[in-house]
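I have placed the structure first, in the form of structure tokens, so that the comments after it can refer back to it.
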Amino acid sequence: MNKKTNSELFSSLLYIILGAILIIFRSQTLGWAMTIAGVFFVVSGILDLVKKNWTGGAVSIIIGTAILVLGWLATAIVLLVLGILIAIKGIVALIDAIKGGKRSILDFVFPVLTIVVGAMLAFGNGIDVIILIVGALLAVDGVLGLIASLKK
């Protein structure tokens, strides 16, 4: 195996593992990512302070602390606003489809799906569904990449 094949094999395995983690743990992975990001900012800020970069260090520590303390609250607010905006877009598209007269069924299906996705993000477990889909796509991509790298 050459260096490129080893890299492709490693990347494929990493995609499969990451996809499996996302599928199994879903929304917990978002919490882990926020915690890792918060800790990263705090550590980076401390290192900046050690280097006497007072402004950069203080800003990094404030950002890291905010992520650690307010992470889920901020995420919930963003998902609520984003979900409502997506649902409104779906409602407007559905009204346009109804006013448009005789159209295909797809002109009605996509607006309804947009409304459902928006409502799920705003008021339900839409983030779990999105993370599940991303995990499945990563796992499939990893398996396909693994097969391709093993054939070389």
Of all residues at least two apart in sequence or in a different chain, which pass the side chain to side chain contact (heavy atoms under 4.5 Å, CB included) check with [X]?
| X | value |
| --- | --- |
| Leu144 | Val140 |
| Leu106 | Ser104, Phe110 |
| Leu138 | Tyr15, Leu18, Leu22, Val134 |
| Ile95 | Ile91, Lys99 |

Problem - Listed once per pair and sorted, the ring pair (Phe, Tyr, Trp, His ring centres under 6.0 Å) pairs that draw on residues 33-64, sequence neighbours left out - result: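 Residue pairs passing ring pair (Phe, Tyr, Trp, His ring centres under 6.0 Å), neighbours aside: none found.
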Listed partners of Phe108 passing ring pair (Phe, Tyr, Trp, His ring centres under 6.0 Å), at least two apart
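In terms of ring pair (Phe, Tyr, Trp, His ring centres under 6.0 Å), with neighbours along the sequence ignored, Phe108 is linked to no residue.
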Hydrophobic cluster partners of Val78 (side-chain heavy atoms under 4.5 Å):
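None, because no other hydrophobic side chain comes under 4.5 Å of this residue.
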Which other residues belong to the hydrophobic cluster containing Ile84, where Ile, Leu, Val, Met, Phe, Trp and Tyr are joined when side-chain heavy atoms lie under 4.5 Å apart, directly or via other members?
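Members alongside Ile84: Leu80, Ile88, Val92, Phe123.
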Partners of Asp128 by side-chain hydrogen bond (donor to acceptor under 3.5 Å, both in side chains), sequence neighbours excluded?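 Result, side-chain hydrogen bond (donor to acceptor under 3.5 Å, both in side chains) vs Asp128: Ser27.
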When you group the ILVMFWY residues by side-chain heavy-atom contacts below 4.5 Å and let the links chain together, are [Y] and [X] in the same group?
| X | Y | result |
| --- | --- | --- |
| Ile46 | Val39 | yes |
| Leu82 | Val117 | yes |
| Ile105 | Ile98 | no |
| Leu9 | Ile147 | yes |
| Ile133 | Met120 | yes |

Enumerate, atom names and distances included, each donor-acceptor pair closer than 3.5 Å involving a side-chain atom of residues 56-69, sequence neighbours excluded.
unit_1	atom_1	unit_2	atom_2	d
Ser60	OG	Gly56	O	3.1
Thr65	OG1	Ile61	O	2.8

* **Shortest non-hydrogen contact between Ser12 and Gly145, atoms and distance** =>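 Of all heavy-atom pairs spanning Ser12 and Gly145, the closest is OG-C, 3.0 Å.
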Would you name the heavy atoms of Pro111 and Leu94 that are closest together and state the gap between them?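 Shortest heavy-atom contact: CB-N, 3.5 Å.
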_Nearest-0.5 Å distance, OG of residue Ser11 to CG of residue Leu146_ =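 It comes to 11.0 Å.
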Quick one: side chains of residues 28-38, donor-acceptor pairs under 3.5 Å with protein atoms, not counting sequence neighbours, listed by atom name and distance.
unit_1	atom_1	unit_2	atom_2	d
Thr29	OG1	Arg26	O	2.5
Thr35	OG1	Gly31	O	2.9

request  = Check whether any side-chain heavy atom of Leu47 lies under 4.5 Å from a side-chain heavy atom of Val43, and answer yes or no.
outcome  =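 A side-chain contact under 4.5 Å exists here.
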